[in-house]
Amino acid sequence: MKFDDVLLKLGEFGPYQKRLYFLLCIPAISVGCYMLNLVIILETPNHRCKIPGYDNDTYAIQSPYHEALVNQTIPLNPKDRRQPYEKCHYYRESNQTGTMEWIKCTQWVYDRSIVRETFTTKEDLVCDDASWTSHIKLIFYIGVLVGDIGFGLIADFIGRRKTLMAAVLLWNVSGFALSWAPDTISFIILEFIVAAAQHGAFMVCNVMSLELVGPNKRVLCGTLIHGFFTLGLLYQSGAAYVLKHWQWIDLAIAVPLVFYIAYYWLIPESPRWLMSKGRYDEAEKIIQKAGKVNKVQLPEKMINPSLVEREQTQMKLWHLFSTKEMFIRTTILLFNWIAVALMYFGVTMHAGNIGGNFYFNFFLNGIVEFPAILFVILTMDRIGRKRLQCIVMVFGGIATLLTIFSILFGGDDFTWLTTTLSLFGKVGSTAAFSVIYVMTLELYPTVLRNAALGGGSCIGRVGSMLAPYVAASGAMIDGDFSTALPLVIFGFVSTTAGLLVLLVPESQHRKLPESVQDGIKFYEEEEVNYESKEEEGGRSRIETTRL
């Protein structure tokens, strides 16, 4: 007996599972806010040196006298058509020679027509300190990595529910404290803690939601949760557009975190995990309660311990590479995690460099995720996981590669085309994120599932960590190719990963593997169709076909 056998009688996605699934999806809204929050609050608006001795200096021209003073003091920047002024130097007349000296500035004024204040403008993280914005993003995604590993292992050891609550409490404390970070060091420390807590919570929610439902509903559930993530992006873009100040934006996304404390009373432990640990009585109580809510007549004793197929409960991460088949599968999936994260976060971070309104570009990068998620829901069960992963990765990769033509040969007149192709890249990576989560959850056994998802997600953080540096790589060169270079890198990596994924087994309509041996034998396993052909006496028929 395996937990999927229990679900055949309980129902794959009954009212009980739907209620819990919805609750587990809600935190994804907050995760969406935090995962790309640094793109907004570390945005570097147009800026120039503050004119020495002019206390009331602003980036906006105040008067003809102010305009003349700016033209006399601030050099022009002919290399960047989007920023007219030199950002880091100004002219000062030498008292000895009377000539104009090139001086590095220590104070700046910022264009506040779009944002009132970001953390970048508060701490003057520009010019020699400009790389700190990328470093902070790197540290944030290191925090995500630590959260994935730490909370993933803890969840497999002490349970999903306890781990979720620990992450939620840590998330609340650090999220509110972040809004009042007084300096760069405290800001970095708090961002690290927030990153670990919020993504640890998201990973546990994702695993619990998939463990509640039957194989025929895993695509829907594994994909829809990312739609809630996208709602977070839209909420964040709206809050940023209205508030325009990093502290208020941070506070706006921290307040909803208080609600998740109620999950201590609302969310039970995963019965699948309880069965894998031999805690059958606890699992039985949850299953019986679910049966009552689903209005399904269950036997008085649903779980027979003597019939339960159990694997060793203490599994190590190295089991992901324990055989040739598992090694190839894991290596390809890990590379896909890196490529998906690089493309997804990198394209969004680079959106402000393409041109146009910053908030509108961020909003577009959020709204296009909905058709991507809908596409996955409609097609994954039709064409399979690995084929779909290949299609969306190659599609997004080719789209971003094509931006080299619109940028180099189209110029400003074709900014709309560059933006559109970039958004196609975001569509591909969003769809790929949904697919790779489902593939990772389906291809590994229960005792390794959290560790596999945590391992994949944490290795994917390599892509997230590289994304800010790749997005800023155009600053190393001059000319229009500086805008195209990051997109070309994103496209090449995405296309390569998409082609490699064809080498992993298909997990469509398979029972979730309970043991390592189940995971190894995916090529030989029977395919199970959980679709109910008829309902007779409350029982569903199952058809199996040998692959």
Minimal non-hydrogen separation, [X] against [Y], with atom names:
X    : Y    : answer
I377 : L224 : CD1-CD2, 3.5 Å
A467 : F490 : O-CZ, 4.5 Å
A399 : L421 : O-CB, 3.5 Å
A181 : L190 : CB-CD1, 4.3 Å
G425 : T400 : CA-CG2, 3.9 Å
A167 : G200 : CB-C, 4.5 Å

| Lys/Arg N to Asp/Glu carboxylate O, D281 vs K301, below 4.0 Å | yes

So, the side chain of [X] versus the backbone of [Y]: is there a donor-acceptor pair under 3.5 Å, distance only?
X    : Y    : value
Y263 : L23  : yes
S237 : L234 : yes
K386 : V504 : yes
Y21  : C221 : yes
Y141 : M35  : yes
T430 : A372 : no

| Contact list for residues 188-205, test side chain to side chain donor-acceptor pair (under 3.5 Å), sequence neighbours left out | D148-H199

| query | Between Y34 and W171, what is the ring plane arrangement, given parallel below 30°, perpendicular above 60°, and tilted in between? | reply | perpendicular

| message | Test: salt bridge (charged side-chain N to carboxylate O under 4.0 Å, His left out). Region: residues 422-434. Which pairs qualify, not counting sequence neighbours? | response | E369-K426

Tell me, do [X] and [Y] make a side-chain contact under 4.5 Å, heavy atoms counted?
X    : Y    : result
V493 : M343 : no
F176 : V258 : yes
F229 : F433 : no
F363 : I367 : yes
P268 : L20  : yes
F157 : T163 : no
E269 : L274 : yes
L487 : L401 : no

| task | Show the numbers, then the answer: is there a side-chain contact (heavy atoms from CB on, under 4.5 Å) between I253 and N37? | result | CA-CA 9 Å; I253 62 177; N37 187 40; 3.8 Å; yes

Looking at residues at least two apart in the chain, or sitting in another chain, which of them share a side-chain hydrogen bond (donor to acceptor under 3.5 Å, both in side chains) with [X]?
X    : value
R279 : E282
Y260 : S30
S209 : none
N294 : Q17

[X]: which residues meet the side-chain contact (heavy atoms from CB on, under 4.5 Å) condition with it, sequence neighbours left out?
X    : value
V293 : P15, Y16
I287 : F3, V6, P271, L298, M302, I303
L231 : I29, F228, F370
V173 : none

Any chance you could measure [X], atom [atom1], to [Y], atom [atom2], to the nearest 0.5 Å?
X    : Y    : atom1 : atom2 : answer
I193 : S174 : CD1   : OG    : 6.0 Å
N365 : T230 : CG    : OG1   : 11.0 Å
K217 : E12  : NZ    : CD    : 6.5 Å
T348 : Y344 : OG1   : OH    : 6.0 Å
L233 : L36  : CG    : CG    : 5.5 Å
L388 : I383 : CG    : CD1   : 4.5 Å

| note | Contacts of F375 meeting ring pair (Phe, Tyr, Trp, His ring centres under 6.0 Å) (sequence neighbours excluded), chain-then-number -> none

Taking distance alone, no hydrogens or angles, what donor-acceptor pairs closer than 3.5 Å link side-chain atoms of residues 330-339 to residues at least two apart or in another chain?
unit_1	atom_1	unit_2	atom_2	d
T330	OG1	L320	O	2.7
T330	OG1	M326	O	2.7
T330	OG1	Y444	OH	2.8
T331	OG1	F327	O	2.7
N336	OD1	Q389	NE2	3.3
N336	ND2	I332	O	3.1
N336	ND2	A497	O	3.2
W337	NE1	T440	OG1	3.1

| said: Checking salt bridge (charged side-chain N to carboxylate O under 4.0 Å, His left out) between E211 and each of R161, R272, R160, which is the one that passes? | reply: R160

| said: Determine whether the aromatic ring centres of residues F140 and F192 are separated by less than 6.0 angstrom. | reply: no

| task | Kindly indicate, with the supporting measurements, whether the criterion side-chain contact (heavy atoms from CB on, under 4.5 Å) is fulfilled by L38 and M349. | result | CA-CA 9 Å; L38 289 178; M349 293 174 185; over 6 Å; no

| Option passing side-chain hydrogen bond (donor to acceptor under 3.5 Å, both in side chains) with Q288 (candidates K285, E284, K292) | E284

| said: side-chain contact (heavy atoms from CB on, under 4.5 Å), that's the test. Do L423 and V427 meet it? Break it down for me. | reply: CA-CA 6 Å; L423 291 174; V427 168; 5.5 Å; no

| field | M393/T495 under side-chain contact (heavy atoms from CB on, under 4.5 Å): CA gap, chis, key distance, verdict | value | CA-CA 6 Å; M393 289 291 281; T495 303; over 6 Å; no

